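Down below is the structure, laid out as structure tokens.
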Amino acid sequence: MEYNFREIEAKWQKKWSNEEPFRAINDSDKPKYYVLSMFPYPSGAGLHVGHPLGYIAGDIYARFKRHKGFNVLHPMGYDSFGLPAEQYAIQTGQHPAKTTDQNIKRYREQLDQLGFSFDWNREVRTSDPTYYKWTQWVFIQLYDSWYDKQVDKALPIQNLVSKFETEGNSGIDAVCDDDTPRFSATEWKHFSEADKQRILLKYRLTYLADAEVNWCPALGTVLANDEIVNGVSERGGHPVIRKKMTQWMMRITAYAQRLLDGLDTIDWPQPLKDSQTNWIGRSEGASVSFKVKSHDAVIEVFTTRPDTIFGASFMTLAPEHELVQKITSSEQKAEVDAYIEATSKRSERDRMADVKTISGAFTGAYAEHPFTKEPVPIWIGDYVLAGYGTGAVMSVPCGDQRDYDFAKHFGIDIPNIFEGVDIAEEAFVDKANTIIANSDFLNGLNFKEATRKVIDELEQLGQGQGKINYRLRDAVFSRQRYWGEPFPVYYDANGLPQMLAEEHLPLQLPEVEKYLPTETGDPPLGNATAWAWDTTTNTVVSNEKIDRIRVFPLELNTMPGWAGSSQYFNRYMDPKNDEAIYSEEAIEYWEDVDLYIGGSEHATGHLLYSRFWQKFLFDRGIAPKDEFARKLINQGMITGTSAFVYKDQNSNKIYSKGLVSGNKVNPIHADVSFVNASDELDVEGFKKWRPDLADAEYVLEAGKFIVGREVEKMSKSKYNVVNPDAICEQYGADSLRLYEMFLGPLEQSKPWNTAGITGVHSFLKKLWKLYLGVDENEPTNENLKTLHKTIKKVEEDIENFSFNTSVATFMICVNEITAQKCSSKAVLESLAILVSPYAPHIAEELWERMGHTTSISAAAFPKFEEKYLVESSKEYPISFNGKLRFKLELPLDMGKDDIEKAVMAHEKTHEQLQGRTPKKVIVVPGKIVNIVG
RNA sequence: GCCUCGGUGGCGGAACUGGUAGACGCGCUGGAUUCAAAAUCCAGUUCUUUCGGGAGUGUGGGUUCGAUUCCCACCCGAGGUACCA
């Protein structure tokens, strides 16, 4: 009886889809376990062999947990709003919903054929109105909240309004815009309704602001910082410029400290935590205000080195700093203007790429040093960023390399304020070894002491205080795109935003003729003819009806890609609930994700925003946990193994790899499907694929054409993409699952090489054969030893996410049991359960053939019993000076002294020693004997 | 530059708290079976060797009876980040 994987896999996939054994229930006596793999964006290209890696690992874990008696939630869905579908719509006119649907179908087929135990009843799609209703709902909750620093949490905005009514805002410590005015309760009461709304916008956790944003002209939208890589858009690699626009913003900065602190409470990979830490960029220091001489102005600076304040020999402002125009002297005006003009022409990318060139201009103005009262010249320079801190620095050339370089370049004084340090060549930046000198009351103090002291003194003067600064900026939440969640917002007669009431959600995406921005430069939703909100009927109506009395224009922007993915893990808990984002019972039961698996590329995007939303939901009592995922694993990338042929530059010859040397050649990618396990090229196939190279002369070696191989990212353009469909067709899903795991540690990146799959495939065939003559015989001790050794190792491996070593363990087990000619049902049943998380189809089939009528997925995991592994003797390695010389079988219960006697009496020991007396004999019972001397 | 992770046969990789380096698989070599091939099975496969042995986990040092494992310095590769004051 052959192992017919095609028949078996089709049979069980159908059965699982009909009988739904993986349906999770929200109420169970069993302990819960929530395994989640990051949901995919359904791209048109479908899955390649690298994509399922994390899904397979998650599926193995989910299946294992079911065997262990847990009620497992293991859902899957689609992050189905996004740019590619919209770009495609722009090109072809096809509605993104349509292409997205097609792509999802294709994804589902591919996922289904891999045998995942997803609970498809819980599928979510971010582009589905029943889903984005709740994305809009969370947005409204954010809008209706402010952040109270005193209790360090988000509170309802109504609570802030009552405070304003009784005490104004002077006693309130809130996260708000910098330009928020002070007002009393009486003043508040006299504000117009519109002014009240404007004030509240300065406090809301999502708010409208004129922000400097990253505008990508090619994509016609703004981008968040994490969507820009090396100064160009992450998608498409288009240039990005700075532009001031009115945008929805998320006040994520309110959570900066908690996002940092929370990292200590979750089991996430260190590199991921590090990149979030860097992204948040906390720095501790002081803010200092410098008075500007002969102007009524102060310059606020933030510094992490207030201890070096006596070394400040100039100040530098960002060219965009608002004071520049005001304080520049008439003599310097021409130079300053020219400099500002020049920097504004340089793109962000230029400025980033070129960090070597030092440039700047003197404003002609002077600040006053807070302590010495000496004049400090004020410069502008583009090395100071407008967007960080206050856009101004106190420049201490002896203590900061950039200030040092700037001072050297422009011939500015470099006073030395460090004890026993030479600054002739470079600045001294070593905080830990700093002793301050030439600094009045700070002399002789170290960094910590001096910092504390100077902050005290600044506070006395009223010119500064200790401050913590974060690099993290509030997140731009508007996108000028069509294919995203519409904001549940209309603009009233004052042009102020108003939220739709919860009961009118979802606000559905309108139909448009074109997916491009309008002629007037409005976002694509500006093309919609019916995109106005009638406040009497609470429906979307034609734009013609807009009267700004009852009918108002709706927001034209849509939400960014990360909106939908910031709460999907919670929505899975109760995905069909139409009354609430999820029921209280559901979230009380599932609480949070126990295991989250996904790529590390989401470190500063999805994973940071989701943590922010979760903390917010927690503050507002909507979620019971303030971190959504306890443990997270980043699966490594599967890279491709590209194949090359070598075309001679001077002739029409194409060389096999071994014949290249000495010839000038151009390597040309060959599609990996034409290459076999021994790196031989199917030349005829290749010629058909590349007709332009069909008439070339192919120079073979030993009758074969051998390709060169190189590991590269798996991509269409490198012709190294391997499709899982083809693998499933040829070897089956179980083989693919095993092989993906067998490649190496889950978290490492590793190259794909289809050739190796024959190993796991023949393992499955051997496994299958074992079950052809199952009998009721009692297992021997040897059988049980093999089995229990395997149970122990596999269980440990799964718990450590070391799936590659389990596969090796299965192979060893099957090899041993085959050699033992064991066909005992007791052993084989256990083995089938062990294998089933990895290769579920074959396991189900074998299980059924052994007479079971219920799914193996519900069977209890075999219990490991130590007693079968107890050995009576040990083959001791006997080494001399740490080098193994021979082995000696001795009883395990033999004592140290007896072992030494037995070893010393052995003839091979005498041979080794050749009459010498050993200096020392190390005996570690049960481990090793080492003879020294 | 900084942060993080990694470096072991021809290849992917294994080695628990320091204790027999190279498990398992691919590939390769030889053999069996076959008219032949596929498939399957058996044996071998770190390098070197005068067949006794010798060397060996990126490099150099250190700790130890003993180091792939711990410590120091360096080299290389991958990822992240970068005028962040």
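Everything quoted here is computed from the prediction, not taken from an experiment. Residue numbering restarts at 1 for every chain, and letters A, B, ... go by the order of the sequence lines.
A donor-acceptor pair is defined here as one N or O able to donate and one able to accept, closer than 3.5 Å; no such pair exists between the side chain of A/N800 and the backbone of A/S802. At least one donor-acceptor pair under 3.5 Å links the side chain of A/Y404 to the backbone N or O of A/I423. Put simply, the side chain of A/W379 never gets that close to the backbone of A/G360: no donor and acceptor are under 3.5 Å apart. Panel note: side chain A/D734, backbone A/I842; a donor-acceptor pair is recorded below 3.5 Å.
For B/A14, there is no paired base (Watson-Crick or G-U wobble, both distances below 3.5 Å). In a base pair of the Watson-Crick type (N1 to N3 plus N6-O4 or O6-N4) or a G-U wobble (N1-O2 and O6-N3), with each distance short of 3.5 Å, B/G44 is matched with B/C28. Across the strands present, B/G56 finds no partner; the criterion is a Watson-Crick or G-U wobble pair with both atom distances under 3.5 angstrom. Across the strands present, B/G19 finds its partner in B/C65; the criterion is a Watson-Crick or G-U wobble pair with both atom distances under 3.5 angstrom. Shown here, B/A38 forms no base pair; nothing in the strands shown gives a Watson-Crick or G-U wobble contact with both key distances under 3.5 Å. If you check B/U33 for Watson-Crick or wobble pairing at under 3.5 angstrom, you find it has no partner at all.
A/T809 comes within contact range of no nucleotide atom at all, as no heavy-atom separation falls under 4.0 Å. Residue A/V932 is classed as a sugar-phosphate contact, given heavy-atom separations below 4.0 Å to backbone atoms only. Contact annotation for A/I922: base contact, defined as any heavy-atom pair under 4.0 Å involving a base atom. Across all strands, A/T316 comes closer than 4.0 Å to no nucleic acid atom at all (heavy-atom distances). Across all strands, A/K887 comes closer than 4.0 Å to base atoms (heavy-atom distances).
OP1 or OP2 of B/G25 sits under 4.0 Å from a side-chain N or O of A/N815. One finds no side-chain N or O of A/R471 lying less than 4.0 angstrom from the OP1 or OP2 phosphate oxygen of B/U81. Distances shorter than 4.0 Å separate some side-chain N or O of A/R402 from OP1 or OP2 on B/C84.
To the nearest angstrom, P of B/C24 lies 6 Å from CD1 of A/I812. Between the C1' atom of B/G25 and the OH atom of A/Y731 lies a distance of 14 Å, rounded to the nearest Å. Residue A/F763 contributes atom CZ, which lies 13 Å from atom P of B/C41 at whole-angstrom precision. For A/E875 and B/U20, the CD to P distance is 13 Å, given to the nearest whole Å. In this structure, the NZ atom of A/K273 is 19 Å from the C1' atom of B/G79, given to the nearest Å. Remark: P of B/A85 and CG of A/D307 are 14 Å apart, rounded to the nearest angstrom. Whole-Å rounding puts the A/D274 CG to B/A78 P distance at 20 Å. Going from atom CG of A/L263 over to atom P of B/U4 covers 15 Å, rounded to whole Å.
Distance check on atom P: B/U40 versus B/U49 gives 35 Å, rounded to whole Å. Comparing the C1' positions of B/A85 and B/G79 gives an interatomic distance of 27 Å, to the nearest angstrom. B/G53 sits 40 Å from B/A38 when the P atoms are compared, rounded to a whole Å. B/C74 sits 30 Å from B/A55 when the P atoms are compared, rounded to a whole Å. Nucleotides B/C2 and B/G27 are separated by 44 Å at their P atoms, to the nearest Å. Atom name C1', nucleotides B/A73 and B/C28: the rounded distance is 40 Å, in whole Å. The separation of B/G61 from B/C26, taken at their C1' atoms, amounts to 38 Å, rounded to a whole angstrom. When the P atom is used for both B/A23 and B/G10, the distance is 14 Å, rounded to whole Å.
Ring orientation note: the planes of A/F803 and A/Y838 are nearly perpendicular, at an angle over 60° on the 30°/60° scale.
Of the listed nucleotides (B/A85, B/U20, B/C65), B/C65 has the atom at the smallest distance from the side chain of A/N930. Comparing B/A85, B/U20, B/C65 against the side chain of A/K920 picks out B/C65 as the nearest.
Annotated as syn: B/G52, whose glycosidic dihedral is within 90° of 0. Taking syn as a glycosidic angle within 90° of 0, B/G80 does not qualify and is anti.
Nearest-nucleotide mapping onto RNA chain B: of A/I928 and A/T390, the residue sitting toward the 5' end is A/I928. If A/S275 and A/T303 are placed on RNA chain B by their nearest nucleotide, the residue sitting closer to the 5' end is A/S275.
Taking the six-membered ring for Trp and the full ring otherwise, A/F314 and A/F406 have centroids separated by under 6.0 Å. When ring centroids are compared, A/W752 and A/Y739 come within the 6.0 Å threshold.
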Next item on the list: Do nucleotides 6-16 of chain B as a string where each nucleotide becomes B, S or -: B if the base has a protein heavy atom under 4.0 Å, S if just the sugar-phosphate does, - if no protein is that close.
Entry: ------BSS--

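Classification of A/E284 and A/R282 as a salt-bridged pair holds, one side-chain N sitting under 4.0 Å from a carboxylate O. Salt bridge A/R6/A/E729: present, at least one basic N to carboxylate O contact under 4.0 Å.
Just one of A/T604, A/L632, A/L263, A/T277 meets the side chain to side chain contact (heavy atoms under 4.5 Å, CB included) condition when paired with A/L272; it is A/L632.
Contact of the A/F290 side chain with the A/E300 side chain is not registered, since no non-hydrogen atoms from C-beta on lie closer than 4.5 Å. Counting heavy atoms from C-beta on, the side chains of A/V49 and A/E740 come closer than 4.5 Å.
Scanning both residues, A/V672 and A/A643, for their nearest heavy atoms gives CG1-N, 4.2 Å.
Sorted by residue number, the members of residues 281-288 of chain A with any non-hydrogen atom under 4.0 Å from RNA chain B read A/S283.
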